[in-house]
Amino acid sequence: MSPRAKEGSKASRQELILEVGVEEIPSNVMVPTLQRLSELAVECLGTCAIQFDPDSVRVYGTPRRLILTFPHLSNHQENKTEMILGPPKQAAFDSEGKPTAAAIGFSRSQGVALSDLSVRHTDTLGSLAGNRKGEYVVIEKMVEGKATEQILRTIIPEVIAGLSFPRSMRWNNEAIAFIRPIRWIVAVYEQKVIPFSYAGIQSGDISYGHHMMAPASFHVKDFESYEKDMRYRYVLIDPDARYRVIESEMRDLAKEKGGSIERKDRLGTGNEALILEAVHTVEYPKAICGDFDRDFLEIPQEIIITAMKEHQGYFPVFSEAGKLLPNFITIANIEAKTMDKIRKGNERVLHARLLDAKFYFDQDRKIKLSDRVTALKEVTFQEKLGTLHEKVERLVTLSKSLAEMLPGLKSSLAAVERAARLSKSDLLSGVVREFPSLQGVMGRIYAERDGKDPDAAKAIEEHYMPKFSGAPLPESPAGKILAIADKLDTIVGCFGIGLIPSGSQDQYALRRQGLGIIQIIVTEANFRLFSLRDAISNAIHQYEKQGKFSVPDLDRKVFSFFQRRLDSYLQSKGVRYDLREAVLLREMNRPWESVLKADALVAFSKHPHFGSLITVFKRAKRILPEGFEGKINEAGLSDPAEEKLYEVICDVSEKLGHHWTTRDYDKVLNELVTLYEPLNRFFEDVLVMDKDESVRQNRLSLLFSVSRLFEEFGDFSKIVEGESVSKT
């Protein structure tokens, strides 16, 4: 039965509040934990047939507490009818149909009258019958629901125990694992405590305020007063409320400095992730604005931004022109008279961090990027794949071959070669060792300072893109080529030594890199002629030249990997599963074309004759013997339906030639639609499997010709026709 209460139900409804008090929970696990807490509670209460309104369920949380509330929870389980299986009919009744001792004993043991007994065949009893066969005596009893309060004593510990975490810990002799030690549990229903013990903690109605500003305990009666008490005790239990406070206070503080935090920085990242981290790190957010020495603005702002955001969790402040200001904002978990001391403490920490960054930057500038290339011979890329210097050599050759493959990108050849040669040199710089996320970024900066070609410098930064799902793609032609070459080299190398992604194991993020290659290819018009097979073959050849490996069938394995990545890309675009299969089970050597075909097929699936066309096509395929090939004998066509179908086949074939050349797949599919009427008439008017072998062969040849026209586009037999398709 649905957990939502039936209209007209007379069951009394009461409020449930659960709070699990813990030591500081890491911010990165809060969102999935709160979501799972809600799912588990709804699932358990629904299973126990306790009525509630799912839309009213709320979860809240801070680093020190997980909170769940059901405002309207029925105070009793729903009554249910229970069927009980008794003895076989032949044992319960004699030949005259009178009850035997077995029937009398069964009815007495269940507390019912003999007239309440009925006979049912086991075929109608489902799992209740077990392995039994035949007719059995059964009774149906009304089982009164238990009090919700009683059930909650069991359910709530199960819900808490059902929470799982990437890493857990044990802290007492109870040996129960949790993300952090549990310190108190509030479980109140109908303003009464639900008594139980979990992890050595006895439930109660005692909670605590902010651990520094209001650590005293207080009693919990209902959610409304609980939330007010928490605010009074400097705890905002709602993450959304903390988000709004943080955003508002930061905006005001930045405005006071004549700046803003409302922009993406030079690294292409916004503040959303950092704000969410702050939201789940504090219970009572208080924004503080600090300053740093203007002299630090002489070093690249990317370094300052990274030092602030990644190392300290600070928010940079920008001018209206987008220039970094000598200010930062941090979020404290306290409001006190000593806020100035907190600000100065944060300023000192950032000052020390920026001093280190400036030192590394100043030292790095003493050595040109090109002078670091030789030193890459001493740095291992991967134990079995050699050094970074060997990888650079492969990248130079591979990226050049990719540029030469594509007519529209040959002008980028020189920039690509220069960028490939310097692409890994910044990994030896002090700044990148201190701030690894700046790899590529510092390569661009150092290349520009060394007077290198701006296109090559930009490609050095872009060749790591996209860095994560949804991240920006390379913009420059040279950056796109080098990004593909770098990722392809890593993928082929890992496959060559057996480091193939399996399940959740993907040590070198090959899936992400493969998807990145697909995204770059399908969003750049110059990559329309990009041959995936040729690129994979070239990458394998570079490893073989260096003597790293020689693996049979490696190209097929890597190609299959990219086929799955292209499938993931199409799925992310909302292309349904059968249309993806229709496109991808055919040759996908040119990913751009596969995407164009998929887009055309999605649009075509909305055509009014789409389902009917697929149906008659599949009928033609089913009739054709496996492996059949035949040429139509025009002179042997006698029936008007045959002649009409042949005429349309010839017309469509001629028109498709032009559409294939221009890759206008929408027009290809629209031409295929014209085959529906003559093909359908053909099936209605003629017998394909005629007794005359020559007639039969000619008619099969007609169907073979139709099949070939479809199969040049894709495998239409994979398309689900005539039904609603919800699977993705």
Side-chain angles (χ1 to χ4, degrees), residues 575-576 578-587 593-594 596-690 694-723 725:
V575 181
R576 75 189 201 202
D578 59 325
L579 304 185
R580 301 198 307 268
E581 287 186 359
V583 171
L584 297 180
L585 286 179
R586 286 289 177 263
E587 178 62 47
E593 292 186 6
S594 296
L596 288 181
K597 285 183 177 181
D599 289 342
L601 201 52
V602 169
F604 182 57
S605 67
K606 299 175 177 60
H607 193 286
H609 291 316
F610 173 74
S612 301
L613 179 64
I614 300 303
T615 299
V616 295
F617 163 76
K618 288 187 175 182
R619 184 177 179 184
K621 283 288 291 182
R622 284 193 295 269
I623 293 174
L624 282 172
E626 186 175 352
F628 178 88
E629 292 186 15
K631 189 174 181 181
I632 302 170
N633 176 17
E634 184 179 357
L637 301 175
S638 57
D639 191 284
E642 291 179 306
E643 294 172 345
K644 181 61 177 176
L645 179 58
Y646 176 70
E647 177 186 335
V648 176
I649 288 173
C650 293
D651 183 55
V652 169
S653 298
E654 183 178 347
K655 291 178 179 178
L656 286 183
H658 173 70
H659 300 328
W660 283 120
T661 302
T662 59
R663 294 179 175 81
D664 194 335
Y665 300 121
D666 290 315
K667 289 184 178 178
V668 168
L669 293 171
N670 286 330
E671 287 298 332
L672 292 178
V673 171
T674 63
L675 287 164
Y676 169 68
E677 290 292 345
L679 184 59
N680 192 50
R681 175 61 60 187
F682 174 79
F683 283 130
E684 290 179 357
D685 291 358
V686 305
L687 177 63
V688 177
M689 306 306 285
D690 194 272
S694 63
V695 173
R696 182 172 66 251
Q697 290 294 313
N698 213 29
R699 289 174 179 174
L700 287 173
S701 295
L702 281 168
L703 297 183
F704 174 69
S705 296
V706 169
S707 176
R708 288 185 64 181
L709 293 174
F710 278 86
E711 289 176 348
E712 190 172 357
F713 187 100
D715 189 349
F716 282 73
S717 66
K718 296 297 181 182
I719 297 178
V720 178
E721 81 285 358
E723 61 181 82
V725 181

Show me the pairs that pass salt bridge (Lys or Arg N to Asp or Glu O under 4.0 Å) and involve residues 649-663, at least two apart or across chains. Glu593-Arg663, Asp651-Lys655

Please name the pair of heavy atoms, one in Thr674 and one in Val648, separated by the smallest distance, quoted to 0.1 Å. O-CG1, 3.7 Å

List the steps and the verdict of side-chain contact (heavy atoms from CB on, under 4.5 Å) for Leu672 and Leu656. CA-CA 9 Å; Leu672 292 178; Leu656 286 183; 4.2 Å; yes

Basic-acidic side-chain contact under 4.0 Å: Asp578, Arg576: yes

Pair Arg681 + Glu642: basic N to acidic O under 4.0 Å: no

Between OH on residue Tyr646 and CD on residue Glu634, distance to nearest 0.5 Å: 4.0 Å

Close side-chain approach of Leu702 to Leu637, heavy-atom, < 4.5 Å: yes

For atom CZ of Arg696, decide whether the heavy atoms of other residues, nucleotides or ligands shown that lie under 6.0 angstrom number more than 12. yes

Distance check, rounded to the nearest 0.5 Å: Ser612 atom OG versus Asn680 atom CG? 8.0 Å

Neighbour count above 12 (heavy atom, 6.0 Å) for His607 NE2: yes

Give the intermediate values and the outcome of side-chain contact (heavy atoms from CB on, under 4.5 Å) for residues Leu679 and Leu703. CA-CA 9 Å; Leu679 184 59; Leu703 297 183; 3.8 Å; yes

Report the C-alpha separation of Phe604 and Leu613 in whole Å, then their side-chain angles, then the decisive distance to 0.1 Å, and conclude whether the side-chain contact (heavy atoms from CB on, under 4.5 Å) test is met. CA-CA 11 Å; Phe604 182 57; Leu613 179 64; 3.6 Å; yes

What one should report as the nearest heavy-atom pair of Asp639 and Ala641 is OD1-N, 2.8 Å

Give a yes or no on whether the backbone of Gly611 and the side-chain of Thr615 come within a donor-acceptor separation of less than 3.5 Å. yes

Would you say His659 and Asp666 make side-chain contact, with heavy atoms under 4.5 Å? no

How long is the span from the CD1 atom in Ile719 to the NZ atom in Lys618, to the nearest 0.5 Å? 7.5 Å

So, do Glu711 and Lys621 sit near enough that their side-chain heavy atoms are less than 4.5 Å apart? yes

Do you know which two heavy atoms are closest between Asn698 and Gly636, and how far apart they sit? ND2-C, 3.6 Å

Correct closest heavy-atom pair for Lys597 and Phe713 would be NZ-O, 3.3 Å

Using the six-membered ring of Phe682, assess whether NZ or CZ of Lys644 lies under 6.0 Å from its centre and within 45 degrees of the ring axis. no

Take atom CD of Glu643 as the centre, draw a 6.0 Å sphere, and report whether it contains more than 12 heavy atoms from other residues, nucleotides or ligands. yes

Please report the shortest heavy-atom distance between Val583 and Ser594, naming the atom on each side. CG1-O, 3.5 Å

Does either side chain, that of Asp664 or that of Thr662, offer a donor lying less than 3.5 Å from an acceptor on the other one? no

Residues that Phe710 engages under ring-ring contact (aromatic ring centres under 6.0 Å, His included), provided they are two or more places apart: Phe617, Phe716

When rounded to the nearest 0.5 angstrom, what distance separates OH in Tyr665 from CG in Leu601? 12.5 Å

So do Ile632 and Phe704 actually touch side chain to side chain, heavy atoms under 4.5 Å? no

For Val652 and Glu671, the nearest pair of non-hydrogen atoms, with its separation, is CG2-O, 3.7 Å

Verify side-chain contact (heavy atoms from CB on, under 4.5 Å) between Asn633 and Ser701, making sure each step is shown before the conclusion. CA-CA 8 Å; Asn633 176 17; Ser701 295; over 6 Å; no

